[in-house]
Amino acid sequence: MTTVQRIVIENCSIATVDADDTEYATGHLVIAGDRIESLGRGRAPEDLADVVRRIDATGHLVTPGLVNTHHHYYQWITRGLATDHNLFDWLVALYPTWARIDEQMVHAAAQGSLAMMARGGVTTAMDHHYVFPKGSGDLSGSIIRAARETGVRFTLARGSMDRSEKDGGLPPDFAVETLEGALAATEETVRQHHDASFGAMTQVAVAPCSPFSVSTELLREGAELARRLGVRLHTHGSETVEEEKFCHELFGMGPTDYFESTGWLGEDVWMAHCVHMNDSDIDAFARTRTGVAHCPSSNARLAAGIARVPDMLAAGVPVGLGVDGTASNESGELHTELRNALLINRLGAHREAALTARQVLRLGTFGGAQVLGRAREIGSLEPGKLADLVLWKLDTLAHASIADPVAALVLGAAAPVTASFVNGRQIVENNRLLHVDEDAIARSTREEARRLARIAAGA
């Protein structure tokens, strides 16, 4: 008989983010193997068997691990470029460089992106990778390998593009795949890497890039492929006013109606950004339970606008938070998106009533689990759920005078992570990653960024 080892965390504040938003000013949590076994007020029972570690978490807030719902890891090695561009001009400026990435670059960039998120409290990450230059190697495999090395739970959204400049799209002709090639490669990636089981560490979604880089056929057939294989669907939607104009000119309808016409609304779909949504669009997302990855920093960086997140939540739309690619969010951290989501949404129509600190924490945890289709497993601290959780240190100069720990986490400075667990396995200790070498990753990302810049300059 196998003994289940227990880790006890106690003397901490706890925000469970369960259906009742249960919180404990001073409580405990017990991890048994890869699951949360129990939690509650006060100290844990002293007579628990097979306790291998007791953590005195005085001065800490324990929350579910953060869930990132939108990212582009390869952009880690093109940070700080085209800093004063809107989305379309930024894409045109960077596509020629991105189209020259290779497996070594992508692995290093994925390591950098994952490391930055993980040491900032992310326990479930995703990557929407859609640039596959010919002869560039096993890009999907290299990204999945980086996630495995870091120790985070991971969803690869296998992206694709087949609408290039000659077809009226934005990517250069040499940066896209064929319709048939994209579908075949996507199916192979799902079959090779997707794990549908409870507690899976790696899952795959079907993810054609966007209306302005993908043909109608790829969208429609991609949706059919995803549903045949039983996986989720992801893309960009309604990000800018230019996209709205593009869809009306090419398809005679706005983005949401276009997506619905191609089978791209449903509870198995989530879309990034969704900034320019009217009431009818929000109603359609709510009716179909289509999810949204809200990326406030990237939306601000590219001057895309302010998404109507309060209206989406009021309508019942599932919403999570996303970092987005680090060429449009150079910090690459999700815990800073908690604060930015609250502040930026208060600049919108609802002003101070837009979002509360607890609503934002829910976006970054349970909301993310919802849009990734994993709300039964992660996103809240409840017995039987996977032990993906974070201990935030809130007793230092930066936070100690804020009485409400959730307000301290969301509105205060970026809080240090004393410990982060995935499946009950610790991956961060005292703000440092335990299973990868941060300094080595910093060196390799710098070298690969310089190599890519040289290649692009010589092209």
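All values reported here derive from a predicted model rather than from experimental measurement.
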Return the [atom1] to [atom2] distance between [X] and [Y], rounded to the nearest 0.5 Å.
X      : Y      : atom1 : atom2 : result
Asn68  : Leu372 : CG    : CG    : 8.5 Å
Thr78  : Ile101 : OG1   : CD1   : 9.0 Å
Leu94  : Gln75  : CG    : CD    : 7.5 Å
Asn299 : His276 : CG    : NE2   : 8.0 Å
His335 : Thr63  : NE2   : OG1   : 11.5 Å
Ile31  : Leu29  : CD1   : CG    : 6.0 Å

Practice problem: Using the side-chain hydrogen bond (donor to acceptor under 3.5 Å, both in side chains) rule, take His107 and Glu149 through it: C-alpha gap first, then chi angles, then the decisive distance, then the call. | Solution: CA-CA 11 Å; His107 182 253; Glu149 292 162 352; 3.2 Å; yes

Self-check item: Asp138/Ser140 under side-chain hydrogen bond (donor to acceptor under 3.5 Å, both in side chains): CA gap, chis, key distance, verdict
Solution: CA-CA 6 Å; Asp138 181 11; Ser140 294; 5.2 Å; no

What closest approach, in Å, do [X] and [Y] show between heavy atoms, and which atom pair accounts for it?
X      : Y      : result
Leu334 : Val67  : CD2-O, 3.4 Å
Thr189 : Arg158 : OG1-CG, 3.8 Å
Asn345 : Pro310 : OD1-CD, 3.6 Å
Ala207 : Ala157 : CB-CB, 3.6 Å
Asp324 : Ser328 : OD2-OG, 3.6 Å
Arg339 : Gly412 : CD-O, 3.7 Å

Backbone N/O of [Y] and side chain of [X]: donor-acceptor pair under 3.5 Å:
X      : Y      : result
Thr69  : Leu321 : yes
Arg351 : Arg346 : no
Arg301 : Ala327 : yes
Thr445 : Ala442 : yes
Asn423 : Arg425 : no
Ser136 : Phe132 : no
Thr235 : Cys209 : yes
Lys385 : Ala375 : yes
Ser444 : Ile441 : yes
Arg374 : Ala200 : yes

Whether the [X] and [Y] side chains hold a donor-acceptor pair (N or O, under 3.5 Å, no angle test) is what I'd like checked.
X      : Y      : value
Glu244 : His248 : yes
Ser297 : Glu337 : yes
Thr326 : Tyr73  : no
Asp18  : Ser380 : no

Quiz prompt | Partner of Asp268 under side chain to side chain donor-acceptor pair (under 3.5 Å), chosen from Arg289, Arg227, Arg232 | solution =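 Among Arg289, Arg227, Arg232, the one meeting side chain to side chain donor-acceptor pair (under 3.5 Å) with Asp268 is Arg227.
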
Please examine the side chains of [Y] and [X], heavy atoms only from C-beta on, and report whether any two atoms are closer than 4.5 Å.
X      : Y      : result
Leu434 : Val428 : no
Asn329 : His71  : no
Arg432 : Glu438 : yes
Leu386 : Ile36  : no
Val152 : Thr123 : no
Thr16  : Ile14  : yes
Pro208 : Trp264 : yes
Leu225 : Glu187 : yes

Self-check item: Check against side-chain contact (heavy atoms from CB on, under 4.5 Å), Arg119 and Ile427
Solution: CA-CA 8 Å; Arg119 75 175 198 170; Ile427 65 168; over 6 Å; no

Practice problem: Decide, yes or no, whether a salt bridge links Arg287 with Glu260 under the criterion of side-chain N to carboxylate O below 4.0 Å. | Solution: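 Yes, this pair counts.
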
Quiz item: Ion pair present between Lys245 and Glu242, side-chain N to carboxylate O less than 4.0 angstrom?
Solution: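 Looking at Lys245 and Glu242, the cut-off is not met.
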
Quiz item: Among all residues two or more places apart in sequence or in another chain, which pass the side chain to side chain donor-acceptor pair (under 3.5 Å) test with Glu448?
Solution: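 In terms of side chain to side chain donor-acceptor pair (under 3.5 Å), with neighbours along the sequence ignored, Glu448 is linked to Gln104, Arg451.
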
Quiz prompt | Those residues that, when tested against Asp388, pass side chain to side chain donor-acceptor pair (under 3.5 Å) (two or more places apart) | solution =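 Result, side chain to side chain donor-acceptor pair (under 3.5 Å) vs Asp388: Arg153.
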
Quiz item: His128 and His234: aromatic ring centres closer than 6.0 Å?
Solution: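 Yes.
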
Exercise. Determine, using ring centers only, whether Tyr74 and His129 are less than 6.0 Å apart.
Key: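 Centroid distance His129-Tyr74: below 6.0 Å, so yes.
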
Exercise. Determine, stepwise, if the pair Arg220 / Glu217 fulfils salt bridge (charged side-chain N to carboxylate O under 4.0 Å, His left out).
Key: CA-CA 5 Å; Arg220 184 174 291 116; Glu217 292 76 20; 5.4 Å; no

Quiz prompt | From Asp281, Asp283, Asp279, residue fulfilling salt bridge (charged side-chain N to carboxylate O under 4.0 Å, His left out) relative to Arg308 | solution =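 Exactly one option meets the salt bridge (charged side-chain N to carboxylate O under 4.0 Å, His left out) with Arg308, and it is Asp279.
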
Exercise. Kindly state each residue pair satisfying ring-ring contact (aromatic ring centres under 6.0 Å, His included) with at least one member in residues 180-233, sequence neighbours excluded.
Key: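 Pairs touching residues 180-233 that pass the test: Phe88-Phe212.
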
Self-check item: CZ/Arg450: more than 12 non-hydrogen atoms of other groups inside 6.0 Å
Solution: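 Result for CZ/Arg450: open.
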
Practice problem: Count the heavy atoms belonging to other residues, nucleotides or ligands that lie under 6.0 Å from CD of Glu267, then report whether that count exceeds 12. | Solution: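 12 or below, so no.
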
Exercise. Starting from the C-alpha separation in whole Å, work towards a yes-or-no answer on side-chain contact (heavy atoms from CB on, under 4.5 Å) for Trp90 and Leu302.
Key: CA-CA 8 Å; Trp90 175 84; Leu302 296 173; 3.6 Å; yes

Exercise. Run the numbers on Tyr258 and Thr216 for side-chain hydrogen bond (donor to acceptor under 3.5 Å, both in side chains), then give the verdict.
Key: CA-CA 9 Å; Tyr258 175 60; Thr216 299; 2.6 Å; yes

Quiz item: Honestly, is Arg100 close enough over Trp98, meaning NZ or CZ under 6.0 Å from the six-membered ring centre and within 45° of the axis?
Solution: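 So Arg100 doesn't make the cation-pi contact.
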
Quiz item: Do the rings of His70 and His273 sit parallel, tilted or perpendicular, given the 30° and 60° boundaries?
Solution: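 Ring orientation, 0 to 90° scale: perpendicular.
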
